[in-house]
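Before any comments, here is the structure.
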Amino acid sequence: MAESPTVPRIRLLATGGTIAGAQTGARGYAAAAMSAEALLGAVPELTDLAAMEVEQVARIGSQDMDEAIWLKLASRAQAALDEPAITGIVITHGTDTMEETAYFLNLVLKSTKPVVLVGAMRPATAISADGPMNLYNAVAVAASAAAVDRGVLVVSNDEIHFAREIAKTNTTQVGTFKSPNRGLAGLVNRGRLHFFGPVVRRHTAGSEFAPITARELPRVEIIYAHAGLQRDLLDAAVRIGAKGIVLAGVGAGNLSTGALTACAEAVKAGVMVVRSSRTGGGVVERNIEFDDDAYGFVVAEELNPQKARVLLMLGLQRGLDAAALQALFTVY
Ligand code: GLU
C-alpha cells in the first residue's frame, strides 16, 4: 500500500515469547527464536492496516521478564509514543507474565495513544499457530482511534482485554486469557473492533507514575498461602531485605495465625504487607476477618497478587505509607 499521511504508523517493540517461538519437536519449543522482522514477514496482510516499524527490545521467554527489562521497555515505549508520527505501539511478549507487564506499562506510560500487548499460545511454527491472527488484530487495535485513551490493552484469541483486568488462567489453551472481575474490553474480528465497556480506574496519561523516571524498583516478594502455612517464608522475606510482601492469601486474603503474627511483625519492622487472594477473582476488603487498621496492612481489592506487587513497587518507590498505599489500590 502506498504510504500517505493518513496511513497509521505502528512501532512494534519485540520482547520474545512463544509468538516468536519455534517448535523443536512434537511438543517442545524454544521461545523468542524468531526476530521481529520474521514475525512481521509471516503476516503480509499487516500492510493493509499500517506502516510498520520494528525494534527488538529483548529476546526472552517472559518467565525471564524482570524490573530492569520493564524499565527499558517503558523507556523505549515512551520514546515511540512521544514521536508525533507514531499512531500507536504493539508489544510482542510471552504470555506467562504478560498481565504484569501490561499493568506496569498501564501505570507508567504517559500517553493516550493505543498501546497493545500481544502474544501467542502456540509457537510460530506449530500447527494452527495463533500468533499471526493475534498480531494482525493487535495492529488493527493499535491503529484505531477507538482504542485511544483506554489504557494499555492486550489482544488475544479475538478478544481485547484491559491491562488491569486480564489474567492468564490456563497453561496451554489459546483461550487462556480472562478478565474475571469486570469482563472484556471488547472483541476484534479479523481487524474489526467492537469495544464494550469503558476503561475503569486511572491509567497511562492520568497516572501519577507516568512517565517513570526511576532506575530501579524496590524489592517486593509474593508469598503463596496454603493450608498449614508457617511463618518461615515471611520471616525470610524480611531477612533478605524485601521492602514489601504481597500475600496470595487463601479466600479473601486470609492466612494462618502463625503467618499473621509474622506479617504483623514485618509491618513493625517497616515492611509493607498487602493482602491479595490466590482465588483468581473477587475483592479483598479491609477489616473482615482481621483488623487491617490495627495491623497496618493494605488490601489489594481486585488486583491479583502479581499485579498488586507491581502497584506496591511503584508506591514504595515513592516512599508512601500504608494509608497512601491503600489509597492507590482504590484508584488504580
Ligand atoms: N514461557 C513462554 C513465555 O511466556 C511461553 C509462554 C508464551 O509465550 O505463551 O514467553
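Any value given below was found using the heavy atoms of this structure, including those in side chains, with hydrogens, waters and symmetry copies removed. Counting starts at 1 for both ligands and their atoms, following the listed order.
One finds no salt bridge joining E99 and K168 here, because no Lys/Arg side-chain nitrogen approaches an Asp/Glu carboxylate oxygen to under 4.0 Å. Using a 4.0 Å cut-off between charged nitrogen and carboxylate oxygen, E67 and R309 count as a salt-bridge pair.
Distances below 4.0 Å separate heavy atoms of G94 from the following atoms of ligand 1: 3 (C), 4 (O), 8 (O), 10 (O). Residue contact check: T95 has heavy atoms under 4.0 Å from atoms 4 (O), 6 (C), 7 (C), 8 (O), 9 (O) of ligand 1. Near G17, the atoms of ligand 1 lying under 4.0 angstrom from a non-hydrogen atom of the residue are 8 (O), 10 (O).
At least one heavy atom of A120 sits under 4.0 Å from some atom of ligand 1.
An N or O contact shorter than 3.5 Å is missing between K168 and ligand 1 by distance. Considering backbone and side-chain atoms alike, D96 places an N or O below 3.5 Å from some N or O of ligand 1. Taking distance alone, with nitrogen or oxygen atoms compared against 3.5 Å, T18 approaches ligand 1 more closely than that limit.
In plain terms, the two heavy atoms of S144 and P114 that are nearest each other are O-CG, 3.8 Å. For the pair L328 and G315, the tightest heavy-atom approach, listed with the atom from each and the gap, is CD1-CA, 3.7 Å.
Here the OG atom belonging to S256 is positioned 10.0 Å from the CZ atom belonging to R231, to the nearest 0.5 angstrom.
Y332 carries R202 over the face of its six-membered ring, with the cationic atom under 6.0 Å from the centre and within 45° of the normal.
Taking atom 2 (C) of ligand 1 as the reference point, the nearest protein heavy-atom neighbour is Q63 OE1, 3.4 Å. The shortest contact between atom 4 (O) of ligand 1 and any protein heavy atom is with S62 OG, 2.5 Å.
E301 pairs with exactly one of N181, T330, V284 by the side chain to side chain contact (heavy atoms under 4.5 Å, CB included) rule, that one being T330.
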